[in-house]
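Here is the structure we will look at, set down as structure tokens.
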Amino acid sequence: MATCSSIVWFRRDLRLEDNPALIAATRSGSVIPVFIWCPAEDGQFHPGRVSRWWLKQSLMHLDTSLRSLGSPLIMRKADNTLSMLLEIVEATGATQVFFNHLYDPVSLVRDHSVKQGLTEQGISVHTFNGDLLHEPWQVYDDNGQAFTVFNAYWQKCLNLPYEPEAPVLPPRRLTGPIGKILSCSAEELGLEDSSEKSSNALLARAWCPGWSYANKSLEAFLQGSLLEYATNRQKVDGVTTSLLSPHLHFGELSVRKLFYEVRTKQVTWTREANAVGEQNVTLFLRSIGFREYSRYLSFHFPFTHERSLLANLKSFPWRMDEAYFKAWRQGRTGYPLVDAGMRELWATGWLHNRIRIVVSSFFVKFLQLPWRWGMKYFWDTLLDADLECDVLGWQYISGSLPDGHELDRMDNPQVEGYRFDPDGEYVRRWLPELSRLPTEWIHHPWDAPLTALRAAGVELGTNYPRPIVEMGVARERLQASLAEMWEREAASKAILANGLEEGLGETTEVPGTGGPFHERMDVHTVVVRQLPTHSGSFLRDRLVPVLPTTSQLQAAASILHQSIPVEEDIEEAVAALPPSVPSASADLSMAGHSRPLEGHVQGFADRSQSGQEAAARLDLDFNSTAESGVRESAESDGRAVPVWSPSVLSHAQLQASAECVVPEIANVRRGSFSRRLTQSMLRANQETSSLSA
DNA sequence: GAAGTTTTGTA
DNA sequence: ACAAAACTT
């Protein structure tokens, strides 16, 4: 057995400690640690600049650690992950591949085909849970259905038998492969292009990527802000969160270890009758719960990165307004709290979770922009960009979840400003043009008397914009749009009913809309329709608005005279962040991306890991629904746009993701939803079976 | 002490 | 937005 050579395929588990794939491989002989950078497979979800910067640093750190144990990290850039793995297998004579599970839609699909491809070549593949407390297929409600509300899900998780064990220590020594294996440096992977380096240099002042720094961040958090997590949760300015999220995203820190450490703390505090401390832990664990839940949703509802979980908003008339979108990105909406947040995001890649909620809520409800645009922007710009959390966050805010905010709940940025930034310091830090405005007016400069504005050097409409949409107008517009949506839905329902009677089934078209209703909120489709004369590549770029490059941003900034943080401001801003050390990042991000590879199937339960029953069920599903992938959706103008066709785990989920069979939930309010969803999924499933029979 | 008003919490 | 809690009268 000592002669057996194993590849450990690192992905987003860039740590030595508590890494099940690495531990298992170490037991079976010599270890070849591998990282493959394969941008071609990321599609639309190619990581943004700051995220790639983090990855690069983290890889260098991991490589150093692995080297000192005796087996350096093999880094390769590839067009196809499977081919590259096979090439490395060939070169090293490895007979086994070990890796930890991922749950985002891209990885689910890729990992399944990789596993299949390796197995076909006689390589034995072993996969593990290195990212979650519980695998998504281990948690179901009393009816055996997947949860669709968070509280019930998290309650169940907390009640599952789970005795946190002390994290497994890193291996002491690794036996490396014999002979030299082709590899490149982290630099040569091309994670950072030369135009990005100067901006990225600033990031290193505030953050230390790498698994051992993640441990230090954890330590700092346990000793520091965990104590006051609950009370400080509201404070948007200053270091009050764990700052662990980028470390968690890249798996530099094991969630199981985090859970273990935090729980241990909680036990201590309970013994000391420290009720406040105990409460703090409960709240923090809840935010870990949201991270778990994001994976859970992504796994069970693999279409949620591009379509709402609920079908209730499928005919909502989102505004495809590029100018609004741009004003939001640049922090020029005229609402100081929103703008401060967007400037901070722009400059640092970081936002307090509270501010993420504020800006995303404004995005959806004041501007009525499609949530997927916002999700993509977060994916492109956040340091802790994480697809599953991104999806969960935006669906939560946009009224697409049974237990999220409803779409017609409009939060007032002025009110939120005084609640979360009572002294206006946060706004002053990020909006220098308002820095001299007294607190009285800082969150609503449009009400300020001219004398006050003049004294503060503020000229509304010139160096700081007036509100892009007034609150009252926004409210009316939202109501009107909702009314329009109800109308469309009623019409749709009537026609669908007719259609079914006539046996037309699910693809009924509604006259005058050019297609099934759900497509009206589909970014791809609508934009294509609006821009029918442009070229293919232009269209592709437009599928989802793309983050401008730094130079484009700077150009825009100079045109817009002042107030956009360009380099100097960024520097100042970053300097104002938590000083050097890994302060730990924590609030879980709403980050995201979206999009497809070709033909694959999804799912990857590992027999040895996840229990016979689950594995058997998933395997069965692979076999029965194995064909899915990119399909072409023919537009009315004849242009074909690739559309992600979700891979499928079960018939019920297939139905949930097939647009016209999406459950009827328009009027269902929170709470009562879950059961109805599953029931109507089942009903839809049965109907379809009988139709096809 | 009941009824009305304001604040707080919700991710 | 809305409900529940806290606070006033």
Side-chain angles (χ1 to χ4, degrees), chain A residues 147-155 157-158 225 229-236 240-245 248 276 279-297 304 309 312-313 337-338 341 350-366 368 371 374-375 378 382 384 386 388-422 471-472 474-479 481-483 585-592 667-673:
Chain A
F147 285 100
T148 51
V149 292
F150 173 73
N151 283 336
Y153 163 79
W154 188 230
Q155 208 46 55
C157 285
L158 290 174
S225 33
Y229 188 76
T231 35
N232 284 339
R233 225 159 28 115
Q234 305 276 35
K235 294 281 165 283
V236 138
T240 59
T241 59
S242 78
L243 305 178
L244 290 171
S245 57
L248 285 170
V276 178
Q279 177 63 10
N280 279 315
V281 172
T282 303
L283 271 163
F284 179 71
L285 289 182
R286 195 175 147 84
S287 73
I288 298 300
F290 280 115
R291 180 181 181 279
E292 296 269 312
Y293 188 53
S294 73
R295 270 72 181 152
Y296 185 83
L297 279 187
T304 46
L309 180 67
N312 58 340
L313 300 180
L337 188 64
V338 174
W350 176 255
L351 278 186
H352 190 295
N353 195 49
R354 201 109 237 158
I355 297 299
R356 299 183 193 203
I357 292 169
V358 169
V359 300
S360 56
S361 176
F362 183 87
F363 182 95
V364 170
K365 312 196 180 199
F366 276 66
Q368 291 183 28
W371 61 265
M375 186 186 89
F378 272 20
L382 279 169
D384 57 10
D386 180 283
E388 297 96 310
C389 290
D390 205 7
V391 166
L392 177 61
W394 282 91
Q395 294 226 11
Y396 174 85
I397 287 302
S398 68
S400 307
L401 294 179
D403 55 348
H405 288 187
E406 289 178 35
L407 186 56
D408 55 0
R409 163 183 159 178
M410 278 189 79
D411 291 306
N412 183 338
Q414 177 183 338
V415 170
E416 290 176 312
Y418 287 108
R419 185 178 304 157
F420 304 135
D421 180 33
M471 174 107 182
R475 184 172 285 132
E476 277 169 30
R477 261 186 0 189
L478 189 59
Q479 288 309 325
S481 297
L482 284 166
S585 73
D587 268 336
L588 302 171
S589 86
M590 315 198 309
N667 294 314
V668 180
R669 293 290 153 177
R670 62 188 64 195
S672 65
F673 169 72

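Bear in mind that the values here come from a model prediction, so they are computed numbers and not experimental data. Here is the naming used below: chain letters follow the sequence lines, and residue numbers restart at 1 for every chain.
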Problem - Nearest-angstrom distance from the residue atom CG of Asp403(A) to C1' of dT10(B) - result: 12 Å
Practice task
Verify whether one side chain among Asn412(A) and Arg419(A) offers a donor that lies under 3.5 Å from an acceptor in the other.
Solution key: no
Handout entry: Nucleotide dA11(B), atom P - distance to CH2 of Trp154(A) in whole Å
Key = 14 Å
Practice task
Report the distance from atom CG of Asp408(A) to atom P of dC2(C), rounded to the nearest whole Å.
Solution key: 7 Å
Exercise for the section: Grab the NE2-P distance between His405(A) and dT10(B) for me, whole Å please. Expected result: 11 Å
Handout entry: Protein-nucleotide distance (Gln395(A), atom CD; dA11(B), atom P), rounded to Å
Key = 17 Å
Exercise for the section: Check side chain to side chain contact (heavy atoms under 4.5 Å, CB included) between Ser225(A) and all other residues, then give those that pass, not counting sequence neighbours. Expected result: Phe221(A)
Problem - Exercise: do Thr304(A) and Gln395(A) side chains pair donor with acceptor under 3.5 Å - result: no
Close N/O contacts between protein and nucleotides 7-9 of chain B (under 3.5 Å):
none

Exercise for the section: Determine, for Trp350(A) and Arg356(A), whether the Lys NZ or Arg CZ falls below 6.0 Å from the six-membered ring centre while staying within 45 degrees of the axis. Expected result: yes
Exercise for the section: With sequence neighbours left out, write down each residue that passes ring pair (Phe, Tyr, Trp, His ring centres under 6.0 Å) with Tyr396(A), or none if nothing qualifies. Expected result: His405(A)
Problem - ring-ring contact (aromatic ring centres under 6.0 Å, His included) partner of Phe290(A), chosen from Tyr153(A), Phe284(A), Phe150(A), Trp154(A) - result: Phe150(A)
Exercise for the section: Whole angstrom is fine here: how far is it from CG in Leu285(A) over to P in dA11(B)? Expected result: 15 Å
Handout entry: Separation of dA11(B) C1' from Tyr153(A) OH (nearest whole Å)
Key = 16 Å
Completion exercise
Arg409(A) atom CZ is separated from dC2(C) atom P, nearest whole Å, by 10 Å
Practice task
Flag as yes if Tyr396(A) stacks onto the base of dA11(B) (centroids under 5.5 Å, planes under 30°), otherwise no.
Solution key: no
